[in-house]
Amino acid sequence: MNADANLYALLRAKFQDRFDAPCFIAPDGAETTYSRIDALSAQFAAALRARGVGAGDRVIVQIGKSTLAVALYLACLRVGAIYAPLNTAYTEAETAYFLADAEPALFIAERTSAAPLPVEILQTTFWMEGLKAAPDHALAPRVRDDVAAIVYTSGTTGRSKGAMLTIGNLISNAETLVSLWGFTSKDVLLHALPIFHVHGLFVALHCAFLSACTTIFMPVFVAEAVRLDLRRWDVTVLMGVPTFYTRLLAVPAFNAEDCATMRLFISGSAPLLAETHRAFEARTGHRILERYGMSEAGMITSNPLDGARTPGTVGYPLPGVSLRIVGDDGATVPPGEPGVIEIKGPNVFKGYWRMPEKTAQEFRDDGYFITGDIGVAAADGRVSIVGRAKDLIISGGYNIYPKEIEDVLDAVEGVAESAVIGAPHADFGEAPVALVTLRPGATTSVEALAAAAAEKLARFKHPRRILIVDGLPRNAMGKVQKAALRERYRDLLR
Ligand code: MLC
Ligand code: AMP
């Protein structure tokens, strides 16, 4: 296989003719050109090599969003290291798991841990080392099947799994999206997503790099600021989770004039309510383009750029992606009937890091990956997501596995059992709610339960309500009936 597939080289080949153009513009107007990003990433590559990081080594990064952070990502690609980003909201207990699992050669953190690891350095230290280093433009030889990144996704068992994404996975998906969504160097992308997940990192930034367009790089999403920035920077594309769109609609002044230069609003990572789609069109004249993806496969389906963007649907499988909908018996169901979505294609990951058995369980013998999402395909192939076979809550685009929260609550003294469900939430789409039963005579309080969650879990995983209940509904097998609980508590957070 050709060893000329360094991902940085593949990206740079597309933007090197636009070296003098702005790659990033910060909210204060500061510009970072493509050539500056190229030079910074070469300096950071030198700093990584000076710390002994080489091809195949894992680099865990848990830092805020900045152009330096992007240059660090690109530096990892240059040296052929495996980039593993972590949500900055994770607690030390959560982070410790990833460090033990990935065994990184380097862990770059935004704050010091209570017991720092030998491989741990603060981002400020790394920035200083990198900014002093002489640029090292060498690119590690790589093949397309080499792993470029590990993206952790939580699992039904409560243990996170590291999805290994290869260079081929990332580049093929990005090339498809650039063409499907019509990206050109004239685009101005407003980027307000975090860059520790597939959406903000690979979907948004790779589309920008491959089209050599300009990215307005906002540290966080603030609806009123986004409204003003759409006008100020003549923005053409916004990518967001559904919460972005409901929050924009909640700004009374937001209107069609704010969107005068826009050509495309894209939504994904969580279901976009059909009512949001319609309200957004009524307010702005734009039909949001909804697409569907996941950490293990990048983007999977998309509504068309030209053609009907139908509310409540996620569109058609991307070119090159095979998608089938399968019933309980493992056979493909007829159009219009629900089943589990299974996919195959160049975007589908290589497997879970150091979990061969888990990987084997989630692939069919003929190579299809079982997504765990329940979908319906129309006769023309258009897909709608109608549910999830996996016990997953998606809050504001962040995935939360109930088991992880249940394990923390079950460990609190006096707790007999807990069940965590997702309840509809106006801002986050859904959010976790915990139902807890106590042992006879125990006096555990809601406050004590909330404190345990706060200590162990990132803020976005904290149950928005904890209820101490007498019992949980069970089926004949004795299993807690989560569907019944979801129905019973559907208005709890409204
Ligand atoms: C923040 N909080 C959340 C939360 N985000 N709680 C639940 N769910 C979330 N998603 C907490 C905050 O810590 C805060 O706690 C409180 O809720 C309100 O904070 P906020 O200021 O309103 O939050 P904000 O910073 O505005 O963040 C909301 C958000 C953000 C929607 C902008 O969560 C976000 O950027 N989400 C995008 C996630 C994403 O990129 N997903 C892609 C995954 S990839 P307190 O204590 O102050 O009340 C993927 C594949 C694919 O899924 O298909 O794309
Ligand atoms: P993650 O593991 O964080 O990558 O999240 C992937 C999951 O998000 C998918 O398996 C889906 O359940 C969900 N998802 C992503 N996009 C959409 C969408 N447009 N509609 C519904 N669910 C979505």
Side-chain angles (χ1 to χ4, degrees), residues 64-65 85 87-90 151-156 160-163 165 173 177 191-204 218-226 239-248 250 266-274 276-277 288-303 309 311-315 340-341 343 347 349 362 369-375 383-401 422 425-432 450 453-454 457-464 493:
K65 185 175 175 181
N87 193 326
T88 47
Y90 290 147
V151 176
Y152 278 95
T153 83
S154 28
T156 36
S160 286
K161 306 165 285 183
L165 296 164
N173 207 229
L177 296 177
H191 191 305
L193 289 159
I195 56 167
F196 40 68
H197 282 309
V198 163
H199 195 166
L201 183 62
F202 300 138
V203 185
M218 304 188 74
V220 288
F221 176 85
V222 177
E224 179 59 27
V226 165
M239 284 185 199
V241 294
T243 302
F244 281 23
Y245 295 104
T246 50
R247 288 191 183 181
L248 277 171
I266 303 175
S267 177
S269 308
L272 181 76
L273 294 179
T276 309
H277 192 284
I288 298 171
L289 180 152
E290 185 173 8
R291 85 328 175 260
Y292 154 66
M294 65 193 301
S295 301
E296 287 90 336
M299 297 301 95
I300 301 167
T301 72
S302 173
N303 271 278
R309 298 181 195 162
T313 81
V314 294
V340 174
I341 298 177
I343 54 169
N347 55 328
F349 74 132
E362 303 205 8
F369 170 63
I370 307 164
T371 64
D373 290 307
I374 300 183
V383 177
S384 304
I385 310 284
V386 296
R388 290 174 210 139
K390 48 195 178 190
D391 190 12
L392 167 71
I393 299 168
I394 305 183
S395 172
Y398 287 142
N399 286 7
I400 305 168
Y401 272 89
H425 186 282
D427 188 30
F428 293 130
E430 55 182 357
L457 302 168
R459 172 73 185 108
F460 68 90
K461 296 180 196 167
H462 298 179
R464 295 275 148 177
L493 302 180

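In this chain, residues are counted from 1 in sequence order. Just so you know, ligand 1 is whichever comes first in the structure, and atom 1 is the first atom listed for that ligand.
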Counting heavy atoms under 4.0 Å, the part of His197 that contacts ligand 2 is neither

So for Val314, does at least one of its heavy atoms come nearer than 4.0 angstrom to any atom of ligand 2? yes

Would you say the ring centroid of Phe349 lies under 6.0 angstrom from that of Phe369? yes

[X] touching ligand 1 at heavy-atom level, < 4.0 angstrom:
X: Lys461; result: no
X: Arg464; result: yes
X: Val220; result: no

Shortest heavy-atom approach to [atom] - which of [options]:
atom: atom 36 (N) of ligand 1; options: Ala454, Gly396, Gly397; answer: Gly396
atom: atom 15 (C) of ligand 2; options: Pro242, Gly268, Ala163, Gly293; answer: Gly293
atom: atom 28 (C) of ligand 1; options: His425, Arg247, Arg291, Glu296; answer: Arg247
atom: atom 13 (C) of ligand 2; options: Thr301, Ile394, Ile300, Asn399; answer: Ile394
atom: atom 42 (C) of ligand 1; options: Ala431, Pro219, Ser269, Ala458; answer: Ser269

Might you check, step by step, whether the distance between [atom] and some protein heavy atom is under 4.0 Å?
atom: atom 25 (O) of ligand 1; result: no
atom: atom 3 (C) of ligand 1; result: yes
atom: atom 45 (P) of ligand 1; result: yes

Identify the closest protein heavy atom to [atom]: which residue and atom is it, and at what distance?
atom: atom 17 (C) of ligand 2; value: Ala270 N, 3.6 Å
atom: atom 16 (N) of ligand 2; value: Ser269 N, 3.1 Å
atom: atom 13 (O) of ligand 1; value: Arg459 CG, 3.0 Å
atom: atom 50 (C) of ligand 1; value: Met294 CA, 3.9 Å
atom: atom 6 (C) of ligand 2; value: Met294 CB, 3.4 Å
atom: atom 12 (O) of ligand 2; value: Asp373 OD1, 2.5 Å
atom: atom 1 (C) of ligand 1; value: Phe428 CZ, 4.3 Å
atom: atom 21 (C) of ligand 2; value: Pro271 N, 3.5 Å

List every atom of ligand 1 that sits less than 4.0 Å from any heavy atom of [X], numbering the atoms from 1 in the order shown and giving each element.
X: Leu193; value: 40 (O)
X: Gly293; value: 53 (O)
X: Thr243; value: 31 (C)
X: Pro194; value: 35 (O), 37 (C), 40 (O)
X: Ser395; value: 7 (C), 8 (N), 9 (C), 10 (N)

Enumerate the atoms of ligand 2 whose separation from the nearest heavy atom of Glu290 is less than 4.0 angstrom. 18 (C), 19 (N), 20 (N)

